[in-house]
Amino acid sequence: MPSSRVRARRGRIARRRKRTIPNHNDSRTTYNEHFYFVLRLSRIFMRAGPMDLDDRTLRRLKLSDLRLFHAVVQWGGMAKAAAHLHISQPAVSKAIATLEQTLGVRLLERHSQGVEPTQFGRALLKGGIAVFDELKQSVKEIAFLADPTAGELRVGCTEPLAAGLVPTVIDRILREHPRVVFHVVTADPATLMERELRARNIDVAIAPTAEIISAADVDVETLFDDRQVVMAVPQNKWFRRRNITLADLVHEPWILPPADSVIRASIIEVFRTSGLAPPRNHVVTFSITLCYQLMASGRFLAMLPLSMARSHGGLPLKILDVGLRGIPRPTGIITLKKRTPNPLARVFTSSVRELAKPLARGR
DNA sequence: TTGCTGAGAAAGGCACCTTC
DNA sequence: GAAGGTGCCTTTCTCAGCAA
């Protein structure tokens, strides 16, 4: 039986503990991180359904548990997650059980072949991705403030923009921020938005905006019409001709995008509007590298975005004046709303805006 | 203010159990 | 047999209290 002095002391300690954040055995979990984490989770669970999540319950949630829960879902089982995290299976099982007890809901469906997240588990996962992304962005912000010449930026763009505008922007930024690392992903606009931006694999996307379905979670800033114009290299026989029309070029070797693409349909429409049959498909490809290689021979023509001719990369492409304004293709910056921006993303987008100004004239 | 101490909480491992 | 769950244990960490 403890003495009255000891009991009184223990009582005082217990009362103090109730007023403070519990010990998480994780020195990396700072008060601010915990506050933000709890705030996000409370919003997530408010959306998930009516639940009794009081302040103490939310304070028990830990970033380490969320990371562990992520691993379990990612690997499809507690034992597999434990192996990847270098801890024992019971440790994972207990952590998940504690998490479920704290939240008062079942997060995982247990099967003989592993586990699967429930609707509550999926809600937690979705929020978890956002929580870790926000933390990552904060760390990047701190790193950028500590050393503005370094950092990391993930950019998504289409193939033509990767061959024109984007390298010019990157080159410009690297002159001022020489130790910045760029990760560039190329894909079609819809994939960039769904697979890369929403999954937070990229910080910013530069792409044609007309093909982006407007959504509440996405910011679209159209900067210029990247007109599709007829292009050739200076060695091409048509380059020095004057007063040429589309009809003169229709029987030349053309490089065209695949038949099921939006841009191919627009090109065909241009020929039809001029009363012409579409050119024969000599080469059908989305590959800009292949396009460059073929055009370098001086034989092939292609309808490419104006930004490719205006930027300082790749082949010295020249516009053939066939008396058309070109197919307008609104292009701009796409970012995720309510996401703390990577400080380098701000540098990147302002550089894009500046370089897009000459292309935006007449828009 | 600093360093030490002790209590309590949390994390995680081992052995074993249960379920499919 | 494979997977998760449970009980018991040890280790580690945090923090209040206290003395110098």
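Chain A is the first sequence line, chain B the second, and so forth, proteins listed ahead of strands; every chain is numbered from 1. Side chains are part of it too, since the values below use all heavy atoms of this structure and drop only hydrogens, waters and symmetry mates.
Look at CD1 on Ile96(A): it is 11 Å from C1' on dG4(C), rounded to the nearest Å. Met78(A) places its CE atom 14 Å from the C1' atom of dA2(C), with the value rounded to the nearest Å. We find that CZ of Arg106(A) is positioned 10 Å from C1' of dG4(C), with the value rounded to whole Å. Rounded to whole angstrom, the span from the CD atom of Glu116(A) across to the P atom of dG4(C) amounts to 13 Å. Atoms CG (Leu99(A)) and C1' (dA11(B)) sit 15 Å apart, rounded to a whole Å. The distance from atom CD1 of Ile87(A) to atom C1' of dA11(B) is 9 Å, rounded to the nearest whole Å. Atom C1' of nucleotide dA3(C) and atom CD of Glu109(A) are separated by 15 Å, given to the nearest angstrom.
Under a cut-off of 6.0 angstrom, the local environment of CZ in Arg299(A) is sparse, with at most 12 non-hydrogen atoms contributed by other residues, nucleotides or ligands.
With rounding to the nearest 0.5 Å, the separation of CG in Asp226(A) from CE in Met308(A) is 9.5 Å.
Dashed line: the shortest gap from a side-chain N or O of Arg110(A) to OP1 or OP2 of dG5(C) is under 4.0 Å. For the OP1/OP2 pair of dG5(C) and a distance below 4.0 Å, the side-chain nitrogens and oxygens of Ser93(A) include at least one atom meeting the criterion.
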| Protein proximity profile, nucleotides 15-20 of chain B - base contact B, sugar-phosphate-only contact S, no contact -, cut-off 4.0 Å on heavy atoms | B-----

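Residues satisfying the ring pair (Phe, Tyr, Trp, His ring centres under 6.0 Å) criterion with Phe271(A), sequence neighbours excluded, are Trp254(A). Partners of Arg353(A) according to the side chain to side chain donor-acceptor pair (under 3.5 Å) rule, which considers only residues two or more places apart in sequence or in another chain, are Glu221(A).
Only one option out of Glu134(A), Glu141(A), Gln137(A) pairs with Thr340(A) in a side-chain hydrogen bond (donor to acceptor under 3.5 Å, both in side chains); it is Glu134(A).
Ion pairing between Glu100(A) and Arg110(A) holds under the 4.0 Å rule for side-chain N and carboxylate O.
Taking the side chain of Ala79(A) as heavy atoms from C-beta on, and the options dG5(C), dG4(C), dG12(B), the nearest nucleotide is dG4(C).
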